[in-house]
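A short write-up of the structure that comes next.
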Amino acid sequence: MPRLKVAAILKDGPIGTEVDLRGWVRTKRESKQGFAFVELNDGSSLKNVQVVVDKSVPGYDDFLKLLTTGSSIRVVGEVKASPAKGQSIEVHARELTVYGTADAEKYPLQKKGHSFEFLRDIAHLRPRTNTFGAIARVRNAVCAAIHDFFQSRGFLYVHTPIITTSDCEGAGQMFQVTTLDLARLAARQPGAPTDIDYAQDFFGKRASLTVSGQLEGETFACAVGDIYTFGPTFRAENSNTTRHLSEFWMVEPEMPFYDLNDNMQLAESFIRGIIRAVLERCPDDMQFFNERIDKTILATLENIVSHDFLRLSYTEAIEILESSGQTFEFPVKWGLDLQSEHERYLTEQKFQKPVILYDYPRAIKSFYMRANDDGKTVRAMDVLVPRAGEIIGGSQREERLDVLIARVQECHLNPDDYWWYLDLRRYGTVPHAGFGLGLERILLLLTGMTNIRDVIPYPRTPKHAEF
RNA sequence: GGGUCGGUAGCUCAGCGGCAGAGCAGGUGUUUGUUAAGCACCCGCGCGUGGGUUCGAGUCCCACCCGUCCCUCCA
């Protein structure tokens with residue numbers, strides 16, 4: 001007798017076969033007439049399978065009390081066509097085993113809707129809910145789609161380090177990694193030297209968790225061709241918003257011989273590819289998000305898939321904002337970075353679709369971005385989407401050694417710290433480009449969820465690292 | 001880091017100077033091929049913590065703790 005997952009049984013029965021089912025009870029509707037309906041879920045599908053248990057099942061009377069929401073069971077029974085509305089098939093139990101009970105008075109998950117805020121406090125149980133089960137499946141589908149997208153295009157998956165000693169990635173505040181005895185350092189005598197001797201630390205110098213694999217990624221792109229990295233990324237910024245995590249997952253492709261236009265084209269195809277793959281692979285889950293989370297999500301995604309992204313230079317965006325007639329809290333002026341409210345206006349009000357902004361003022365962008373001939377801008381690009389905001393940031397990289405060194409100095413950085421990065425320009429330099437996509441941000445876009453802490457299993461944010 | 005709103009029953013919330021409430025969940029009974037089942041009854045709240053004002057404080061004041069959301073930073 002085959003042990004089947006719920007998804008398989010719902011997909012193709014087949015009616016008349018004996019099956020072995022294992023999972024967790026979502027709800028039970030009980031009759032004193034001698035039968036009960038049990039909704040069984042095993043995570044393979046958003047949907048439950050209805051199990052009919054009647055008094056012919058050995059131990060029926062005892063089981064009824066045990067089959068509470070959250071209990072785990074094994075059911076052996078026959079797949080039958082269901083005579084009632086709501087499901088086409090159901091399983092008639094012949095034999096039942098309870099693996100584990102769940103005290104109905106204590107089990108936190110009830111047969112009702114819970115707030116996301118409450119569920120965040122019981123993050124170890126929330127994957128048992130419809131919403132978080134669906135998010136887990138969609139997140140998985142996105143990851144698979146990311147690999148499919150790049151693998152089918154001949155990109156190599158490269159693992160860049162999590163621990164880095166290049167204190168120079170420049171993308172944000174870093175978490176320090178150390179084996180130094182902090183308690184002992186803190187207890188030093190007053191008047192003792194306060195500087196830290198990092199030569200005594202584990203790596204012999206100051207080390208941190210990576211804020212980006214880009215620089216290391218470039219070294220492989222400039223050797224083996226198109227590559228991508230995909231892994232955890234850490235930012236020690238004190239950001240308390242629905243769009244920021246201290247630990248998140250980022251995909252960073254890097255392509256030799258790409259210019260900024262090639263880069264934008266790839267980013268756009270990439271986002272489209274992911275959306276298409278998820279719509280195809282997770283129809284039930286996406287339908288659920290559309291019904292329960294955001295009634296416009298399917299229409300929004302279809303719209304994104306079927307229309308080109310709008311491309312605007314930074315300068316054009318400034319002009320649009322200046323002539324918008326809107327009152328913004330922050331000033332709009334060429335040379336100043338765009339604020340959330342400006343990006344929101346463009347994506348949510350003015351155009352209502354993804355917008356790619358490019359050619360930003362050099363003064364507000366990183367040292368490694370390629371300088372344009374106008375002397376004022378660099379070949380940077382951001383992909384902005386409604387609600388989730390910036391989901392991609394990228395650029396063409398500066399491949400000219402002298403220009404790059406000048407930019408490093410202009411940014412008050414020490415070229416010596418970047419000796420290996422500069423070597424890429426010393427030996428066989430090539431034009432190249434790349435970008436970073438925030439996994440959790442595209443999940444916001446896909447699911448309609450509004451808080452990034454709800455699309456990662458165990459969110460890490462300032463003051464929060466429970467579980 | 002700045003701002004904001006909020007902490008009352010297991011959950012979601014109402015009450016905003018005068019005897020602590022509702023819905024849902026849970027329990028019991030009953031009804032029903034049920035569908036977030038129906039009906040009846042029952043259980044359940046030292047109102048975030050500590051001070052203060054008052055005859056009287058969930059309710060007003062102050063401090064603190066915890067959380068939400070927005071902004072800055074970015075993906």
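Heavy atoms only: backbone and side chains are in, while hydrogens, waters and symmetry mates are out. Residue numbers begin at 1 in each chain, while the letters A, B, ... track the order of the sequences.
- In this structure the side chain of A:T68 never reaches within 4.5 angstrom of the side chain of A:T101, judged on heavy atoms.
- The aromatic ring of A:F248 sits over the base of B:A75, with ring centres less than 5.5 Å apart and planes tilted by under 30°.
- In this structure, the nucleotide among B:A75, B:C71, B:C11 sitting nearest to the side chain of A:H114 is B:C11.
- With distances taken from any side-chain atom of A:E90 to the nucleotides B:G33, B:A75, B:C73, the minimum falls on B:G33.
- At whole-Å resolution of the value, CG in A:L119 and P in B:G10 are 17 Å apart.
- Counting atom types as modelled, A:T241 pairs no side-chain N or O with a base atom of B:C70 as donor and acceptor under 3.5 Å.
- Closest approach to the A:M250 side chain among B:A75, B:C11, B:U72 is made by B:A75 (side chain taken as heavy atoms from C-beta onward).
- Nearest nucleotide to the side chain of A:F118, out of B:C71, B:C11, B:G27: B:C11.
- With B:C71, B:G33, B:U12 as the choices, the nucleotide that has an atom nearest any side-chain atom of A:Q50 turns out to be B:G33.
- Taking a pair to require two hydrogen-bonding distances under 3.5 Å in either a Watson-Crick or a G-U wobble arrangement, B:C24 pairs with B:G10.
- A:E466 and A:H464 form no side-chain donor-acceptor contact under 3.5 Å, judged by distance and modelled atom types alone.
- Shown here, B:C69 forms a base pair with B:G3; the pair counts as Watson-Crick or G-U wobble because both key distances fall under 3.5 Å.
- A donor N or O paired with an acceptor N or O is found under 3.5 Å between the base of B:C74 and the side-chain atoms of A:R441.
- Closest contact between the side chain of A:H464 and the listed nucleotides B:A75, B:U72, B:G67 involves B:G67.
- Judged purely by atom type and a 3.5 angstrom limit, A:R379 has no side-chain atom pairing as donor or acceptor with the backbone of A:M369.
- B:C5 and B:C74 have their C1' atoms separated by 25 Å, given to the nearest Å.
- For B:G58, the glycosidic angle deviates from 0 by 90° or less, giving a syn base.
- The separation of B:G3 from B:A63, taken at their P atoms, amounts to 13 Å, rounded to a whole angstrom.
- Along RNA chain B, the nucleotide closest to A:K65 and the one closest to A:I391 are compared, and the more 5′ of them pairs with A:K65.
- With A:T241 contributing its side chain and A:R243 its backbone, the two residues share a donor-acceptor pair below 3.5 Å.
- The separation between A:N240 atom CG and B:C70 atom C1' is 11 Å, rounded to whole Å.
- Both distances falling under 3.5 Å, in either a Watson-Crick or a G-U wobble arrangement, occur for no nucleotide opposite B:C74.
- In this structure, the nucleotide among B:A75, B:C71, B:G33 sitting nearest to the side chain of A:H244 is B:A75.
- If you check every strand for non-hydrogen atoms under 4.0 Å, A:I392 touches sugar and phosphate atoms only.
- For A:E105 against B:G27, no side-chain N or O and base N or O form a donor-acceptor pair under 3.5 Å.
- Listed candidates were B:U34, B:C71, B:A36. Nearest to the side chain of A:A84 is B:U34.
- If you check B:G67, B:U35, B:G33 against the side chain of A:E117, the one that comes closest is B:G67.
- Judged by closest nucleotide on RNA chain B, A:T69 is the one of A:T69 and A:D382 placed further toward the 5' end.
- B:G27 atom P lies 9 Å from atom NZ of A:K111, rounded to whole Å.
- Using cut-offs of 30° and 60° on the angle between ring planes, the pair A:Y314 and A:W334 is perpendicular.
- Pair check for B:C39 finds B:G29; Watson-Crick or G-U wobble, both atom distances under 3.5 Å.
- Of the candidate nucleotides B:C24, B:A75, B:C69, B:C24 has the atom lying nearest to any side-chain atom of A:K112.
- Between A:Q110 and the phosphate of B:G26, there is no side-chain N or O to OP1/OP2 separation shorter than 4.0 Å.
- Remark: the A:Q87 side chain and the B:U35 base include a donor-acceptor N/O pair separated by less than 3.5 Å.
- For the residue pair A:Y368/A:Q214, the side-chain donor-acceptor check at 3.5 Å is satisfied.
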